Amino acid sequence: MGDETNSQIKVVSGPAGYVLQDVPHLNDYIPDLPTYPNPLRSNPAYSVVKQYFVHVDDTVPQKIVVHKESPRGIHFRRAGPRQKVYFDADEVHACIVTCGGLCPGLNTVIRELVCSLYHMYGATKVLGIDGGYRGFYSRNSITLTPKVVNDIHKRGGTIIGTSRGGHDTSKIVDSIQDRGINQVYIIGGDGTLKGAAAIFEEVRRRGLKVAVVGIPKTIDNDIPVIDRSFGFDTAVEEAQRAINAAHVEAESVENGVGVVKLMGRYSGFIAMYATLASRDVDCCLIPESPFFLEGKGGLFEYVEKTLKENGHMVIVIAEGAGQELLSGSLQPGAEKDPSGNRQLQDVGLWISNRIKEHFAKRNKMVLTLKYIDPTYMIRAIPSNAADNVYCTLLAQSAVHGAMAGYTGYTSGLVNGRQTYIPFNRITERQNKVVITDRMWARLLSSTNQPSFLGPKEMAEAIKEEEPPTGLLDGENCQDAHSGKPPDEIEHSNTC
Ligand SMILES: Nc1ncnc2c1ncn2[C@@H]1O[C@H](COP(=O)(O)OP(=O)(O)O)[C@@H](O)[C@H]1O
Ligand SMILES: O=P(O)(O)OC[C@H]1O[C@](O)(COP(=O)(O)O)[C@@H](O)[C@@H]1O
Ligand SMILES: [Mg+2]
């Protein structure tokens, strides 16, 4: 086996630079656990399946763009049903909790967790924890059955409620222990999964036979390693409606400007992909790419130029963009939400007012500006068809893993394959748009906007330590240190 540096990290090395970043298992700290044949063997739906189970050595590479001499690199354990399970059906007492902001698909994940436990593994004790982490110790729980969840995937939000703040590791694990819960499915984003890792560590410290499983969720897509977060496609699709409305308003009047604010506290993926999908956007502003308003090369100059050329303009701005330009008008102490996330000022309203003031002052050009903020309308809708299927696979993978005795992991899509990813890889940093990558260059060429970066900022951007994101091409990301394209670097593994 591999060496264990701490309970979350199990590294197994192999030939040619193969590295498996494995996930913990209950038998890492509980010896002689009984096992049972996987009941899927007798499940009629699976009777046609040739290869019932995932091979014990199946792993998925984190990097798929490689060179002839590349080391095989980091791999993750492949998700799916195993021959043996570590829980008898009657023994399973599962709970599901949803934390943080809403995202399309939350109810689909809940539905599929319940239905997988019931219909694949015969486990019928499933609780919904009411209202996020604090629900473990301060609220009642909701009994979840296939009947209760039957059509919830057609509704936005989460039927078991969510919250921010309120994570108290020992109180939560006390509740898990007192209720006799032995499988915990935690659906949430970067903050939630940090909380899930703390719960896993405490469960292991107490030596409890409890599988702790994370399912990554955030509309911002700010979670690293995975290809994308569920609900992201739905959000990009729904954002088209707002962008189209802004475009119709803008092109229907002389010097019309449509401004649309989209979600993205620290990461601008929704704004970037919605812009690329729409092609009616003239300027996309995201938290990762600083911009300025006044003077040569500034936004005001670009607005004037675009209006002169086209007579109208659409601006998409992620809510986390430009926060550094807004004066600190937040009430003191209101800078953080109950989870410790940065509280944002309404940059959409701010930039709309600044543009109107600027052109009114110069009264050389009368413009008509309409501001649209669809953020909460977008995250409160149910998931689209593609995300529904994605949520189903995520949930089923999570259940297969817990039943197989894995714990302390996040179920996640890596290069199109469901995998089990150690918590520490998910919580180590935030996924951000790499503005020196080809996808952002595609955006700039589709909007024709200036980069708003001076030579100093561009040099900074290239030096950024950010490894490539799951949504990028990756072919031309710069090596974090040398700044050279991959084909000039030996063994680049930053892309
Ligand atoms: N570093 C952390 N350690 C433990 N719990 C955390 C941490 N950060 C956030 N949480 C908890 O996770 C939950 C959701 O976090 P939040 O950041 O609001 O949403 P999300 O996880 O969806 O990004 C909250 O209940 C919060 O208290
Ligand atoms: O839910 P709140 O407190 O209004 O916060 C809104 C923020 O939550 C988000 O939707 C992301 O929330 P999560 O990280 O919890 O998924 C951001 O896009 C947005 O900035
Ligand atoms: Mg978050």
Side-chain angles (χ1 to χ4, degrees), residues 8 97-106 109 129-139 156-158 160-173 184 186-202 212 214-224 226 228-232 234-236 238-239 261-274 286-287 317-323 330 334-348 373-381 383 410 423-424 426-432:
Q8 284 184 47
V97 65
T98 49
C99 307
L102 296 185
C103 176
L106 271 170
V109 175
I129 300 297
D130 184 12
Y133 275 138
R134 64 166 53 85
F136 273 104
Y137 55 85
S138 68
R139 308 286 293 266
T158 160
I160 56 177
T162 182
S163 65
R164 295 189 188 278
H167 183 281
D168 180 319
T169 307
S170 54
K171 276 186 176 176
I172 291 170
V173 179
V184 186
I186 301 168
I187 309 168
D190 51 339
T192 305
L193 296 173
K194 286 185 186 125
I199 291 168
F200 161 70
E201 292 295 346
E202 178 60 12
V212 181
I215 296 169
K217 171 273 326 168
T218 178
I219 198 165
D220 290 359
N221 195 52
D222 61 6
I223 294 172
I226 59 173
R228 67 187 180 286
S229 47
F230 72 80
F232 175 73
T234 303
V236 170
E238 187 65 13
K261 182 180 79 170
L262 296 176
M263 285 210 153
R265 191 193 286 122
Y266 303 111
S267 305
F269 286 103
I270 298 179
M272 173 162 84
Y273 277 74
I286 62 173
I317 183 164
E319 61 186 337
Q323 291 292 324
L330 268 182
E335 298 80 14
K336 300 270 187 197
D337 71 14
S339 297
N341 297 302
R342 180 174 65 174
Q343 288 280 51
L344 303 173
Q345 301 175 73
D346 189 335
V347 71
D373 174 0
T375 46
Y376 292 101
M377 285 171 63
I378 290 174
R379 76 174 200 186
I381 61 172
S383 43
T410 300
F423 281 136
N424 69 304
I426 295 289
T427 58
E428 65 191 359
R429 61 180 180 79
Q430 270 179 331
N431 187 25
K432 294 199 179 217

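Heads up: numbering here begins at 1 and tracks the sequence. Keep in mind the model is a prediction, meaning the values are calculated, not measured. Counting starts at 1 for both ligands and their atoms, following the listed order.
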Measure across Arg265 and Pro287 and return the closest heavy-atom pair with its distance rounded to 0.1 Å. O-CG, 4.0 Å
CG of Asn341 to CG of Asp220, rounded to nearest 0.5 Å, is 9.5 Å
the protein heavy atom lying closest to atom 1 (N) of ligand 1 turns out to be Lys194 CD, 3.4 Å
Apply side-chain contact (heavy atoms from CB on, under 4.5 Å) to the pair Met263 and Tyr376, showing each step before the final yes or no. CA-CA 8 Å; Met263 285 210 153; Tyr376 292 101; 3.7 Å; yes
Are Ile199 and Tyr133 close enough, and set up right, to give a side-chain contact (heavy atoms from CB on, under 4.5 Å), and what steps lead you there? CA-CA 11 Å; Ile199 291 168; Tyr133 275 138; 3.5 Å; yes
Scanning both residues in full, the closest heavy-atom pair of Ala318 with Ala271 reads CB-CB, 4.1 Å
Would you say the side-chain atoms of Ser339 pair up with the backbone N or O of Gly165, donor to acceptor, closer than 3.5 Å? yes
For Gly165 and ligand 1, answer yes if some heavy atom of the residue is under 4.0 Å from a ligand atom, otherwise no. yes
Taking all non-hydrogen atoms of both residues into account, name the closest pair between Phe230 and Cys103 and its distance. O-SG, 3.1 Å
Find all protein N or O atoms under 3.5 angstrom from an N or O atom of ligand 2 and list the pairs with distances, or write 'none'.
| residue | atom | partner | partner atom | Å |
| --- | --- | --- | --- | --- |
| ligand 2 | 1 (O) | Arg164 | NH2 | 3.0 |
| ligand 2 | 1 (O) | Arg379 | NH1 | 3.0 |
| ligand 2 | 1 (O) | Arg379 | NH2 | 2.7 |
| ligand 2 | 3 (O) | Arg164 | NE | 3.1 |
| ligand 2 | 4 (O) | Tyr376 | OH | 2.6 |
| ligand 2 | 5 (O) | Arg164 | NH2 | 3.3 |
| ligand 2 | 8 (O) | Arg164 | NH2 | 2.9 |
| ligand 2 | 8 (O) | Arg265 | NH2 | 3.4 |
| ligand 2 | 8 (O) | Arg379 | NH1 | 3.2 |
| ligand 2 | 10 (O) | Arg379 | NH1 | 2.7 |
| ligand 2 | 12 (O) | Arg164 | NH2 | 3.1 |
| ligand 2 | 14 (O) | Thr218 | OG1 | 3.3 |
| ligand 2 | 15 (O) | Gly101 | N | 2.7 |
| ligand 2 | 15 (O) | Arg164 | NH1 | 3.1 |
| ligand 2 | 15 (O) | Arg164 | NH2 | 3.3 |
| ligand 2 | 15 (O) | Lys217 | NZ | 3.2 |
| ligand 2 | 16 (O) | Lys217 | NZ | 3.0 |
| ligand 2 | 16 (O) | Thr218 | OG1 | 3.0 |
| ligand 2 | 18 (O) | Asp220 | OD1 | 2.6 |
| ligand 2 | 18 (O) | Asp220 | OD2 | 3.2 |
| ligand 2 | 18 (O) | Glu319 | OE2 | 3.0 |
| ligand 2 | 20 (O) | Glu319 | OE1 | 3.3 |
| ligand 2 | 20 (O) | Glu319 | OE2 | 2.5 |

Hey, does Arg265 come in under 3.5 Å of ligand 1, counting only N/O atoms on both sides? no
Give yes or no for whether the N/O distance cutoff of 3.5 Å, strictly under, is met between Thr192 and ligand 1. yes
Identity of the nearest option to atom 20 (P) of ligand 1, non-hydrogen atoms only, from Gly189, Ser163, Gly101, Ala198: Gly189
I would like to know whether Asn431 and Ile223 meet side-chain contact (heavy atoms from CB on, under 4.5 Å); could you show each step before the answer? CA-CA 5 Å; Asn431 187 25; Ile223 294 172; 5.5 Å; no
Polar contact flag for Ser339 and ligand 1 (N/O pairs, less than 3.5 Å): yes
Tell me the protein heavy atom at minimum distance from atom 4 (C) of ligand 1, and give that distance in Å. Gly195 CA, 3.4 Å
Any N or O of Gly100 closer than 3.5 Å to N or O of ligand 1: no
min-distance protein heavy atom vs atom 7 (C) of ligand 1 -> Gly191 O, 3.4 Å
Run Ile381 and Thr234 through side-chain contact (heavy atoms from CB on, under 4.5 Å) and show every step you take. CA-CA 8 Å; Ile381 61 172; Thr234 303; 3.6 Å; yes
Atoms of ligand 1, numbered as shown, that sit under 4.0 Å from any heavy atom of Lys217: 22 (O)
Heavy atoms only: give me the nearest Val184-Phe136 pair and the separation to one decimal. CG1-CZ, 4.0 Å
CD1 (Ile160) and OG1 (Thr98) are apart, to the nearest 0.5 Å, by 4.0 Å
Can you tell me if Thr218 contacts ligand 1 (heavy atom of the residue under 4.0 Å from the ligand)? no
Asn341 heavy atoms, cut-off 4.0 Å: which ligand 1 atoms fall inside? 16 (P), 17 (O), 18 (O)
Between Leu193 and ligand 1, is there a nitrogen or oxygen pair with a distance under 3.5 Å? no
Testing the basics here: between Ile219 and Ile378, what is the closest heavy-atom pair and its distance to 0.1 Å? CD1-CG2, 4.1 Å
Between CD on residue Glu335 and CZ on residue Arg342, distance to nearest 0.5 Å: 12.0 Å
Using every non-hydrogen atom in the two residues, find where Gln323 and Val347 come nearest and quote the distance to one decimal. NE2-CB, 3.9 Å
Of the side chain and backbone of Thr169, name the one, both, or neither that has a heavy atom under 4.0 Å from an atom of ligand 1. neither
Would you say Asp190 has an N, O or S atom lying under 2.8 Å from the Mg ion (ligand 3)? yes
Among all protein non-hydrogen atoms, which one is nearest to atom 23 (O) of ligand 1, and what is the separation to 0.1 Å? Asp190 OD1, 2.8 Å
